[in-house]
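Computed from heavy atoms alone, side chains included, the values below leave out hydrogens, waters and symmetry copies. Nothing fancy with the numbering, it's 1 onward along the sequence.
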Amino acid sequence: MNSQPITSLKGIGDKTAALFAKLGVETVEDLLRDYPRTYDLYEETVPAGDLREGTVCAVSGRLVGKAGIRRYQHMQIITTTLQEMTGKVQLVWFGVPYIVSALPAGRVLTARGRVVRKSGRFVMEQPELYEVEDYAQIAGTLTPVYSQTKGLGNKAIIRAVEQALHNRGLEKEYLPESIRGRCELAEYNYAIEHIHFPATKKDLLFARKRLVFDEFFFFLLSVRRLKEKNENSRSRYRILPSEEADRLQAELPYELTGAQQKVWREIRTDLSGGRVMNRLIQGDVGSGKTMVAVLALLETVCSGYQGALMAPTEVLAKQHYITVTELFAKHQIGKKVVLVTGSMTAKEKRIAYEKIQSHEADIIIGTHALIQEKVQYDSLALVITDEQHRFGVGQREALGAKGEEPHVLVMSATPIPRTLAIILYGDLDISVIDEMPSHRLPVKNCVVDTGYRENAWRFIAGEVAKGRQAYVICPMVEESELIEAENVLDYTKLLRKKLPAGISVESLHGKMKPKDKNRVMERFASGEIQVLVSTTVVEVGVDVPNATVMMIENAERFGLAQLHQLRGRVGRGGYQSYCIMIDTGDNEETRARLEILNHSNDGFAIAAEDLKLRGPGDFFGLRQSGDMEFKLADIFSDAELLKLVSEEVNRLLDEDPGLEKEEHQALAARLKEYLDKSYEKVNL
């Protein structure tokens with residue numbers, strides 16, 4: 001794949017390259033791997049009588065009457081009517097007066113645009129106009145829609161991708177012919193071209209299947225490597241039950257749930273059993289995974305070793321650090337806890353490194369800074385990663401390599417059905433905390449349409465008046481020229497106008513610099529910000545017990561598992577909490593899916609239902625589950641393909657464990673490239 005900088009493409013200078021860099025695209029390879037987020041499908045024309053609100057449709061008919069022009073707040077609004085046999089639809093344009101010349105009465109044409117209902121009739125806003133014959137030629141085709149940023153629209157990205165595809169050299173096929181034949185997979189170069197520019201939906205599905213297969217295939221190959229490395233590995237760290245851990249558990253102001261106690265027993269057995277522990281704890285947000293992890297860390301250091309806890313964000317790492325230090329101080333546990341994050345000064349890092357190396361530090365908590373080369377441990381016996389799906393295989397392996405095969409405990413709040421978890425976490429034993437602490441109040445849910453928005457904003461204002469806080473989630477960072485969905489930047493401005501003066505409203509999204517994201521989350525956690533408008537980056541967030549409202553715009557664009565994760569951000573304190581899901585679609589199936597969430601707070605039950613309801617091809621729209629290392633693959637929509645890939649990986653490794661056969665050489669080289677990239681992420 002082409003590793004030349006994006007500026008090697010004609011028409012892309014430093015200014016445009018900087019905009020591409022905001023999207024994570026710096027090379028031509030990055031551009032070709034930056035797959036469309038959805039597709040604009042030019043569907044066949046429909047009769048005016050069959051129009052549905054909230055959909056993008058095309059209608060062919062005759063213009064009747066003279067086009068009208070009126071002014072509203074310094075903007076010209078142009079209207080005309082398109083009529084055909086079953087009815088008529090009003091066409092409306094804002095701020096484009098020159099369109100009038102294209103609207104003579106009697107003209108026959110095809111209009112395509114989004115349909116809304118105003119004053120009881122259908123209106124098509126900002127429609128594109130086509131000659132009837134011209135539209136007939138493009139009907140059934142798809143236009144890719146990419147992630148965009150201000151100053152870099154979809155058309156500019158399409159031009160760059162077209163050029164990159166035209167200039168590239170073809171890649172050697174690396175999947176064995178036997179696998180491609182059995183699984184009915186496209187050739188790799190075909191897949192790359194047609195994922196960007198599919199001629200038909202069938203082409204798109206064929207291309208996507210191959211690329212999703214590859215994502216699962218290399219991930220599972222790397223997981224199998226870990227499994228073989230870890231299986232029956234003897235541990236030099238035998239960690240025996242400690243009185244200190246028993247005392248802490250007994251002194252807690254609440255009793256551990258039955259599920260917590262069961263998992264704690266499993267961990268204790270692993271730690272003292274003589275083999276290296278490799279265990280996953282799955283549990284809903286708030287089910288008490290962290291307390292079990294703290295007990296495991298305490299038991300480890302009481303045996304004279306060190307333990308490390310790695311979190312995916314600085315804010316979460318700091319929160320874990322504060323939780324553990326305060327807990328130890330309260331219960332008079334004399335163990336030293338040290339924090340290591342990327343934003344610390346060089347002097348702060350040096351002091352922390354010295355404490356770790358000299359074993360003055362017993363427990364080390366931090367971000368991926370824990371696996372940088374400069375961090376040298378004395379006797380690292382236990383490694384815990386929080387929100388495991390945010391870390392690549394390379395990062396997990398690198399942290400393990402910091403000790404001499406330490407015990408490994410990974411935690412995930414992403415509820416995944418057990419059948420899929422066994423495949424995805426094939427190198428790990430799985431424990432599940434499927435019981436919530438009795439003192440937690442269940443979140444009250446509601447699924448509503450856009451007509452409830454004003455009420456929701458008033459409700460948020462009421463909660464803030466009580467001293468509480470709220471999240472508002474939008475699927476987009478900024479406005480897109482092709483995707484109709486709420487975006488963080490505009491919504492933040494809107495709420496500042498709609499909510500009472502004095503309420504602090506701020507935004508958070510993935511395009512911000514890490515230090516800016518941390519600062520916003522810290523201000524929200526401290527109560528300085530009352531309403532946080534965010535993308536799903538808060539899915540793995542800081543614990544804010546004071547937040548009682550989670551409002552999710554365009555809820556139909558998210559998978560149920562992800563909506564459940566977002567809902568888990570509230571209900572973490574002693575106050576009644578609420579989740580308001582705004583359904584902006586006009587689809588009975590989508591509403592039925594959201595109603596499952598409306599009536600259940602059980603993440604595993606919801607995940608199982610999500611798996612049943614979402615079939616192959618249910619991916620037109622935004623990514624549904626943002627977990628693991630996948631760009632295209634979705635573990636729910638692609639569950640059947642995941643199972644097929646697992647079978648193929650097992651078959652391949654049974655036949656050729658070291659990938660040493662001649663027909664597997666290209667595959668072995670590609671796997672090495674995949675693993676190298678996974679390790680590169682470690683040092684980002």
Original post:
Is the distance between the ring centroids of Phe524 and Tyr471 less than 6.0 Å?
Top reply: yes
Original post:
Passes side chain to side chain donor-acceptor pair (under 3.5 Å), Ser534 versus His509? Steps please.
Top reply: CA-CA 6 Å; Ser534 173; His509 55 80; over 6 Å; no
Check whether any side-chain heavy atom of [X] sits under 4.5 Å from a side-chain heavy atom of [Y], and report yes or no.
X: Asn601; Y: Lys444; value: no
X: Asp362; Y: Val337; value: no
X: Ile473; Y: Met551; value: no
X: Val649; Y: Phe216; value: no
X: Val338; Y: Ile365; value: no
X: Leu327; Y: Leu248; value: yes
X: Arg670; Y: Phe218; value: yes
X: His564; Y: Leu597; value: yes

For the residue pair [X] and [Y], what are the closest heavy atoms and their distance?
X: Lys289; Y: Asp284; answer: NZ-O, 3.3 Å
X: Met344; Y: Ala352; answer: CE-CB, 4.2 Å
X: Arg234; Y: Val276; answer: O-CG2, 3.7 Å
X: Leu424; Y: Leu220; answer: CA-CD2, 4.4 Å
X: Ile333; Y: Leu298; answer: CG2-CD1, 3.7 Å
X: Gly574; Y: Leu441; answer: O-CD1, 3.8 Å

Original post:
Are Val408 and Met277 close enough, and set up right, to give a side-chain contact (heavy atoms from CB on, under 4.5 Å), and what steps lead you there?
Top reply: CA-CA 6 Å; Val408 175; Met277 174 176 74; over 6 Å; no
Would you say the side-chain atoms of [X] pair up with the backbone N or O of [Y], donor to acceptor, closer than 3.5 Å?
X: Asp602; Y: Ala605; result: yes
X: Gln282; Y: Ile433; result: no
X: Asp634; Y: Ser637; result: yes
X: Gln306; Y: Tyr377; result: no
X: Ser600; Y: Ile596; result: no
X: Glu215; Y: Ala633; result: yes
X: Asn445; Y: Ile580; result: no
X: Ser577; Y: Gly571; result: yes
X: Gln576; Y: Pro442; result: yes
X: Glu506; Y: Val520; result: no

Among residues at least two apart in sequence or on other chains, which ones pass salt bridge (Lys or Arg N to Asp or Glu O under 4.0 Å) with [X]?
X: Lys335; value: none
X: Asp516; value: Arg519
X: Asp270; value: Arg279
X: Lys515; value: none

Subject >> Identified ring pair (Phe, Tyr, Trp, His ring centres under 6.0 Å) partner of Phe219 from the options Phe630, Tyr425, Tyr674 >> reply: Phe630
Original post:
Are Arg651 and Glu655 ion-paired here, with the side-chain N under 4.0 Å from a carboxylate O?
Top reply: no
**OP:** Consider only side-chain N and O atoms of Asn650 and Glu647, and report whether a donor and an acceptor are under 3.5 Å apart.
**Re:** no
Subject >> Distance-only donor-acceptor check, side chains Asn546 and Arg572, under 3.5 Å >> reply: no
Nearest 0.5 Å, please: how far is [atom2] in [Y] from [atom1] in [X]?
X: Leu641; Y: Phe217; atom1: CG; atom2: CZ; result: 11.5 Å
X: Thr300; Y: Leu382; atom1: OG1; atom2: CG; result: 4.0 Å
X: Gln565; Y: Thr536; atom1: CD; atom2: OG1; result: 10.5 Å
X: Asp543; Y: Ile322; atom1: CG; atom2: CD1; result: 11.5 Å

Original post:
Going through the checks in order, is the side chain to side chain donor-acceptor pair (under 3.5 Å) test met by Glu595 and Asn598?
Top reply: CA-CA 5 Å; Glu595 284 300 327; Asn598 196 12; 3.0 Å; yes
What residues form a side chain to side chain donor-acceptor pair (under 3.5 Å) with [X], not counting sequence neighbours?
X: Glu648; result: Arg182
X: Glu354; result: none
X: Lys466; result: Glu463
X: Lys336; result: none

**OP:** Would you mind listing every ring-ring contact (aromatic ring centres under 6.0 Å, His included) that reaches into residues 314-346, with sequence neighbours excluded?
**Re:** none
Subject >> Residue pairs involving residues 289-312 (criterion ring-ring contact (aromatic ring centres under 6.0 Å, His included); sequence neighbours excluded) >> reply: Tyr237-Tyr305
**OP:** Test side-chain contact (heavy atoms from CB on, under 4.5 Å) on Ile384 and Val410 and set out the steps.
**Re:** CA-CA 5 Å; Ile384 301 176; Val410 293; over 6 Å; no
**OP:** Test Leu632 against Asp638 for side-chain contact (heavy atoms from CB on, under 4.5 Å), laying out the working first.
**Re:** CA-CA 10 Å; Leu632 272 180; Asp638 300 309; over 6 Å; no
Original post:
How far apart are the C-alpha atoms of Leu295 and Leu256, what are their side-chain angles, what is the distance that settles it, and do they pass the side-chain contact (heavy atoms from CB on, under 4.5 Å) test?
Top reply: CA-CA 11 Å; Leu295 290 170; Leu256 295 186; 4.0 Å; yes
Subject >> Pairwise side-chain hydrogen bond (donor to acceptor under 3.5 Å, both in side chains) hits with a residue in residues 253-263, at least two apart >> reply: Thr257-Gln260, Lys262-Glu266
Subject >> Pairs touching residues 299-322 that satisfy salt bridge (Lys or Arg N to Asp or Glu O under 4.0 Å), sequence neighbours left out >> reply: Arg268-Glu299, Lys318-Glu522
Original post:
For Lys643, does the NZ atom have more than 12 heavy-atom neighbours from other residues, nucleotides or ligands under 6.0 Å away?
Top reply: yes
